[in-house]
Amino acid sequence: MVFNNLYLIHVAQDTTLEFLVVDKHLSILAKQHIETRFIKIQAEKSPFLAEKLKIVVLPTIALIKNAKVDDYVVGFNELGGTDEFSTEELEERLARAQVIYFEGESSFKASKPQTRNVRHGSNSHDSDSE
């Protein structure tokens with residue numbers, strides 16, 4: 001039997017808004033990326049593990065490959081610096097770290113309507129000409 005060595009550990013305090021935001025996105029991604037084990041721990045209930053993972057800022061997502069921490073997503077800095085990042089942005093960040101796999105574009109992008117750019121472009125032209 002072959003075991004996958006990809007893990008994603010979400011370390012946070014479950015009473016914070018930041019935890020809920022990240023947890024919502026990771027719950028969606030966990031259902032789509034069964035090649036990776038998604039784990040969440042509460043830093044205050046697992047201080048030894050949080051210390052071993054060298055967690056300083058909450059929330060932090062530790063990205064583990066082949067039993068070694070390979071990368072971290074710390075806070076929201078890499079996700080636009082706000083808690084209003086999209087699941088697609090997080091998915092792309094995790095894919096760049098090669099802790100999840102997808103071919104081509106994000107699975108979410110296919111379902112997004114692309115009319116925003118078209119409307120924006122045509123409206124700016126119309127208002128300039130009058």
Side-chain angles (χ1 to χ4, degrees):
M1 180 180 270
V2 176
F3 291 97
N4 200 337
N5 289 318
L6 300 174
Y7 295 88
L8 181 150
I9 302 178
H10 175 207
V11 184
Q13 292 178 307
D14 68 351
T15 57
T16 64
L17 174 65
E18 292 85 359
F19 170 82
L20 297 174
V21 169
V22 174
D23 188 55
K24 175 188 81 167
H25 294 298
L26 290 178
S27 294
I28 293 167
L29 292 172
K31 293 173 188 171
Q32 295 183 350
H33 295 282
I34 59 173
E35 73 276 6
T36 301
R37 290 191 178 229
F38 288 71
I39 302 165
K40 60 182 166 185
I41 66 167
Q42 298 174 19
E44 65 275 5
K45 291 187 179 180
S46 305
F48 176 78
L49 186 56
E51 184 179 319
K52 278 294 206 189
L53 292 172
K54 300 177 182 166
I55 305 298
V56 178
V57 175
L58 297 177
T60 293
I61 303 171
L63 308 176
I64 300 171
K65 294 192 287 191
N66 299 318
K68 295 183 181 178
V69 177
D70 188 62
D71 198 0
Y72 293 96
V73 178
V74 180
F76 299 139
N77 289 340
E78 295 179 62
L79 303 169
T82 176
D83 63 359
E84 295 179 7
F85 62 91
S86 67
T87 303
E88 299 87 13
E89 289 173 297
L90 181 56
E91 183 181 36
E92 289 172 4
R93 171 60 178 91
L94 298 175
R96 278 196 314 270
Q98 297 178 345
V99 76
I100 63 172
Y101 301 114
F102 66 87
E103 294 180 19
E105 291 189 13
S106 168
S107 56
F108 298 100
K109 286 188 177 182
S111 63
K112 273 185 156 181
Q114 297 295 326
T115 57
R116 181 176 171 208
N117 291 339
V118 174
R119 262 190 240 142
H120 179 69
S122 63
N123 286 344
S124 63
H125 255 297
D126 291 343
S127 63
D128 287 344
S129 62
E130 291 184 276

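For the numbers below, each heavy atom of this structure counts, side chains included, while hydrogens, waters and symmetry mates do not. For the single chain, residues carry numbers from 1 onward in sequence order.
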Next item on the list: Inspect the contact between Lys24 and Asp83 and indicate whether a charged nitrogen and a carboxylate oxygen are less than 4.0 angstrom apart.
Entry: no

Item checked: CD1-CG distance between Ile41 and Leu53, expressed to the nearest 0.5 angstrom -> 6.0 Å

Margin query: Looking at every non-hydrogen atom in both residues, tell me the closest pair between Ile55 and Leu58 and how far apart they are.
Written below: CG2-CD2, 3.7 Å

Item checked: Interatomic distance, His10 atom NE2 to Gln42 atom CD [nearest 0.5 angstrom] -> 10.5 Å

Checklist line | Crowding at CD, Glu51 (>12 non-hydrogen neighbours, <6.0 Å) | finding: no

Margin query: Going by ring-ring contact (aromatic ring centres under 6.0 Å, His included), name the pairs with one or both residues in residues 47-82, residues two or more places apart or in two chains.
Written below: Phe76-Phe85

Checklist line | Separation of Leu29 CG from Ile34 CD1 (nearest 0.5 Å) | finding: 13.5 Å

Margin query: Working to the nearest 0.5 angstrom, can you tell me the gap between His25 NE2 and Arg93 CZ?
Written below: 15.0 Å

Margin query: Keeping Glu89 on the side-chain end and Gly80 on the backbone end, is there a donor-acceptor pair under 3.5 Å?
Written below: no

Item checked: Over all atoms of both residues, closest heavy-atom pair of Val99 and Leu6 -> O-CD1, 3.7 Å

Next item on the list: Report yes if some heavy atom in the side chain of Val11 is under 4.5 Å from a heavy atom in the side chain of Leu49; otherwise report no.
Entry: no

Next item on the list: Please tell me if the side chains of Thr60 and Lys54 come closer than 4.5 Å, counting only heavy atoms from C-beta onward.
Entry: no

Margin query: Minimum heavy-atom separation for Glu35 and Ile100, please, with both atom names.
Written below: OE2-CA, 3.4 Å

Checklist line | Under 3.5 Å side-chain donor-acceptor pair for Glu88 and Ser86 | finding: yes

Give every donor-acceptor pair under 3.5 Å between a side-chain atom in residues 61-69 and any protein atom, sequence neighbours left out.
| unit_1 | atom_1 | unit_2 | atom_2 | d |
| --- | --- | --- | --- | --- |
| Lys65 | NZ | Asp70 | OD2 | 3.2 |
| Lys65 | NZ | Ala97 | O | 3.1 |
| Asn66 | OD1 | Asn5 | ND2 | 3.4 |

Below 3.5 Å, can you tabulate the donor-acceptor pairs from side chains in residues 15-22 to any protein atom, sequence neighbours excluded?
| unit_1 | atom_1 | unit_2 | atom_2 | d |
| --- | --- | --- | --- | --- |
| Thr16 | OG1 | Gln13 | O | 3.0 |
| Thr16 | OG1 | Phe19 | N | 3.2 |

Check: Does the side chain of Asp23 come within less than 4.5 Å of Lys40's, by heavy atoms?
Finding: yes

Notebook entry, point to check: Rounded to the nearest 0.5 Å, what separation is found between the CG atom of Leu79 and the CD atom of Glu92?
Noted result: 10.5 Å

